[in-house]
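To start, the structure under review is shown below, and the notes come after it.
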Amino acid sequence: MAEEEDPEGPIIPSLYKPPALLPIAQLKEQLLYTIETYPVTIVVGETGSGKTTQIPKFLLEAGWCNTGQQIAITQPRRIACTSVAVRVAEEVGTSVGQKVGYSIRFEDVTSAATQVKFVTDGLLLREMLVDPLLSRYAVIMVDEAHERSLSSDILLSLLKKVLRKREDLRVVVSSATLEAERFLDFLSPDQGEMIHGKSKKDFGYIIGIEGRTYPVEIQYLQEPTNNYIEAAVEAVVKIHEHEPEGDILVFLTGREEIDDAIDMLGDRIAEMSSSQRKLIPLPLYAGLPTENQNMIFTKPPPGTRRVIFSTNIAEASLTIDGIVFVIDSGYVKLRSYNASLGIETLSIVPVSKASATQRAGRAGRTRPGKCFRLYTERAHQELQEATFPELARANLAPVLLQLLNLGITNLIRFDYLSPPPSSLVTRALDLLYSLDALDPYGRLTKPLGTRMAELPLEPQLARALLKATDPEFSCLSEMLSIAAMMTLQGHAFVSHDGGKKQLDAARRRFAVAEGDHLMLYNVYGAFVQAGLGNTAWCREHCLNHKNLVKAVSVRKQLAAHLDRFGIRENVLAAAGEGVLRVGGRPLAERVRRCLATGFFAHAARMKGDGSFTTVDGKTTLWAHPSSVFFNRKADWVVYSEIMEMKGKIYIRDLSAVDMDWLTEYAPEYYKIKNGRR
DNA sequence: GAGCACTGC
């Protein structure tokens, strides 16, 4: 390639300003030159720039796979992998799974012929267990890295290490403008350091690509509002009265707000003249049954305007055609982890500027649009630049377990893109130690720790599952079903027509006095018996068919992992004909004991008023209304999830236990706890 | 007493 293609000469990252943006086709030669020349290329691609589809094609044509290696493009979401793979395969003129394929959990659509592979970032991380240097790839493109998902952050840390070992590897990172320098600086050698004969300034390069979206006019409130739901409905009515045709997308934070807004808008529509009434409100959130979600993708009758009230799902995960107006509340619900209490919190917080920009952009995909922000311009200036990375606010136990399994021993000084607070790291290590996944020296135990790391489950649940084959528990088949159902995170049930009563009645049909885990087990068993394709049965019992099918896949995958460990499910037990009593203990008790071996740290005791307290008696907890213990007596329970919402702490997935079991299965944990008191 | 934003393996 010609020397004069070098676009700007050496760059100084701190002074970097995106050069004039060019459409991707015009940048083909420059992109290929940069990737050839530098180990790291950062692509600043605006929305609709075609980076995800075109860059892999360019690399393929330029012969990057001629040596038999592949090109991997990571995505944070499964849906992106499949849809982009289909499109690129079409453009290349093959069917998916041939030259172009994708690989996501439960679906590997690749073959010996596959050269370009779209993969979720989490799955590529798992692949590193088998192939730590990712030697089968010539180029790895980390797409949407600016979203700062847990997996892509970790992946970048690991790629930094791999780049130091593999001179031939090329890494492409796609990013928003804001983070470009940070990524380049992170992946590059330190000042004065040389890697493969390259110094900081000739290790990487940033390229900007022009987008193909339409301009979006932004409007702010003159005065702040104290009720953004009302303000949103007001804005919808104004747009409907004064603006030309085009659908409206409203960003709110959750289901409750969406339902309220739709009710309020319904009242306003009722007041309108019949010629004005052509306004269709629609809800959109992840928990919505699939058939209702699909209404978003069906064309409305001509002459009508749709108003979609959505959570953050419409910000990046889902694209809706025909949106011309966006109304942005300026808020989002965000999960964070309080390490000192070990409690997750779901709270409503202001969005970042990056989020606000992304939301506004949703109005300009088909023609010029408008975005109405329900806050003042001044408030916007005060927003954080970008959303806090997930790594810095998550429960780190699962990811640390995975890093240990990859041979990374010093987790405190690991080269994180954004180092998490040390309290998060120590809290996670404490938990892993209490679960016997770590020895006193912080090393992964064998085989328990390594097996826990390999299972795609929370560490506590992984431990309980691995304990299920102990003779005193003998409940592997049951624990497999329970673990699979627990990965649905409370989404086994769904109310199809908004009927709360029906939903509660359905839950009661499967409920048992022992608790929620055995209820989930009952649901799983009944579903399998009814038939995997029996959607009518699911509807009748307010069950989410898609999710139950997923549970069946998860169960299969877990069983396959265990099989690899040499742990096999007893076929008789799987058919429900196994030994029901071991040492005089009924099966249900053995399951609850087994759960206690994983969730002993999550114990609580019910008080007279139906609320719970933690073991130290300091914190009041409430059974989530979906629990069988919401209106049923209990003494001690273990739970699998604890979350603070609106100032109240809820526990989910509860099972009744004896206090003695806790001290029996986790003597050290409870000895230490007592010693401290 | 009254309810989970969104992803992923």
Side-chain angles (χ1 to χ4, degrees), chain A residues 74-81 103-108 119-129 144 147-155 251-259 284-288 310-318 329 331-336 344-349 351 355 387 390 393-394 398-399 401-402 405 453-458 461-462 487-491 493-495 500-501 503-504 507 550 553-554 557-558 560-561 606-607 609-612 620-627 629-632 641-646 648-653:
Chain A
T74 74
Q75 295 291 328
R77 285 168 289 275
R78 294 161 55 90
I79 179 90
C81 287
S103 189
I104 58 182
R105 188 183 186 185
F106 308 130
E107 258 181 274
D108 182 15
V119 61
T120 46
D121 38 32
L123 194 62
L124 194 68
L125 268 185
R126 293 264 164 192
E127 212 173 297
M128 291 186 84
L129 275 179
E144 316 288 0
E147 287 188 21
R148 304 297 308 273
S149 79
L150 193 64
S151 300
S152 87
D153 267 20
I154 293 290
L155 192 59
F251 284 100
L252 296 173
T253 72
R255 178 185 178 155
E256 200 182 343
E257 288 183 5
I258 288 168
D259 290 345
L284 180 63
Y285 48 86
L288 209 61
S310 172
T311 60
N312 223 27
I313 193 173
E315 189 180 301
S317 310
L318 240 155
S329 66
Y331 286 92
V332 65
K333 237 182 232 181
L334 216 60
R335 198 211 303 255
S336 53
E344 305 205 282
T345 305
L346 197 60
S347 48
I348 296 173
V349 295
V351 293
S355 265
T387 309
E390 200 183 351
R393 54 184 167 86
V399 69
L401 197 54
Q402 225 180 329
N405 205 21
E454 193 178 318
L455 289 170
L457 295 174
E458 291 285 307
L461 183 56
T487 62
L488 303 183
Q489 298 173 107
H491 292 290
F493 288 92
V494 68
S495 94
K500 260 185 185 174
K501 278 184 186 162
L503 183 65
D504 283 339
R507 266 209 196 89
K550 190 184 153 203
S553 304
V554 173
Q557 196 190 32
L558 294 175
H561 277 288
M606 193 185 266
K607 295 189 290 192
D609 65 353
S611 69
F612 288 83
T620 299
L621 314 171
W622 299 87
H624 190 270
S626 64
S627 171
F629 293 121
F630 181 64
N631 42 27
R632 211 186 268 253
E641 209 182 294
I642 178 160
M643 184 167 272
E644 183 184 344
M645 282 177 281
K646 295 182 187 168
K648 221 168 155 180
I649 304 171
Y650 292 96
I651 49 181
R652 291 171 55 94
D653 291 345

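Below, read A as the first sequence line, B as the second, and so on, with proteins coming before strands; counting in each chain starts at 1.
For the pair A/Gln402 CD and B/dG8 P, the computed distance is 15 Å after rounding to whole Å. For the pair A/Glu257 CD and B/dG3 P, the interatomic distance rounds to 13 Å; values are reported in whole Å. One interatomic measurement links the two molecules: NZ of A/Lys550 to P of B/dT7, which rounds to 10 Å at whole-angstrom precision. The nearest whole Å value for the distance from the NZ atom in A/Lys648 to the P atom in B/dG1 is 9 Å. Spacing between atom CZ of A/Arg148 and atom C1' of B/dC6 amounts to 17 Å, rounded to whole angstrom units. Atom CD in A/Glu458 sits roughly 13 Å away from atom C1' in B/dT7 (whole-Å rounding). Nucleotide B/dT7 holds its C1' atom 13 Å from the CG atom of A/Leu318, rounded to whole Å. Between A/Leu288 atom CG and B/dC6 atom P the separation is 10 Å, expressed in whole Å.
Judged purely by atom type and a 3.5 angstrom limit, A/Ser103 has no side-chain atom pairing as donor or acceptor with the backbone of A/Asp108. Remark: the backbone N or O of A/Arg335 is paired with a side-chain donor or acceptor of A/Arg393 at under 3.5 angstrom.
Nearest-nucleotide mapping onto DNA chain B: of A/Tyr285 and A/Asp504, the residue sitting toward the 5' end is A/Asp504.
Side-chain N/O atoms of A/Ser152 and A/Glu147 include no donor and acceptor closer than 3.5 Å.
At the heavy-atom level, A/Ser149 lies nowhere under 4.0 Å from the strands shown. Within 4.0 Å (heavy atoms only), A/Glu641 reaches at least one base atom of the nucleic acid. Residue contacts for A/Arg507: at a heavy-atom cut-off of 4.0 Å it reaches a base atom on one of the strands shown. Residue A/Asp121 is classed as having no contact, given no heavy-atom separation below 4.0 Å to the nucleic acid. In this structure, A/Leu346 reaches the bases: a heavy-atom distance under 4.0 Å links it to at least one base atom across the strands shown. Within the 4.0 angstrom heavy-atom criterion, only backbone atoms of the sugar-phosphate kind lie near A/Arg78; the bases stay farther away. Residue contacts shown for A/Arg77 are limited to sugar-phosphate atoms, with no base heavy atom under 4.0 Å away. Among the heavy atoms of the strands lying under 4.0 Å from A/Thr120 are primed sugar atoms or P, OP1, OP2 only; no base atom is included.
Surrounding CD1 of A/Ile79 are at most 12 heavy atoms belonging to other residues, nucleotides or ligands under 6.0 Å away.
For A/His624, counting side-chain heavy atoms from C-beta on, the closest listed nucleotide (B/dG3, B/dT7, B/dA5) is B/dG3. Looking at the side chain of A/Pro456, the nearest of the listed nucleotides B/dC6, B/dA2, B/dC9 is B/dC9. Picking from B/dC9, B/dA2, B/dC6 the nucleotide with the shortest atom distance to the side chain of A/Ala286 gives B/dC6. The side chain of A/Gln489 sits closest to B/dT7 out of B/dA2, B/dT7, B/dC9.
The stacking criteria are not both satisfied for A/Tyr650 over the base of B/dG3, which would need a centre-to-centre distance under 5.5 angstrom and an angle between ring planes under 30 degrees.
For A/Asp504 and A/Arg507, the salt-bridge test passes: some basic side-chain N is under 4.0 Å from an acidic carboxylate O. By the 4.0 Å N-to-carboxylate-O rule, A/Lys333 lies too far from A/Glu257 to be salt-bridged with it.
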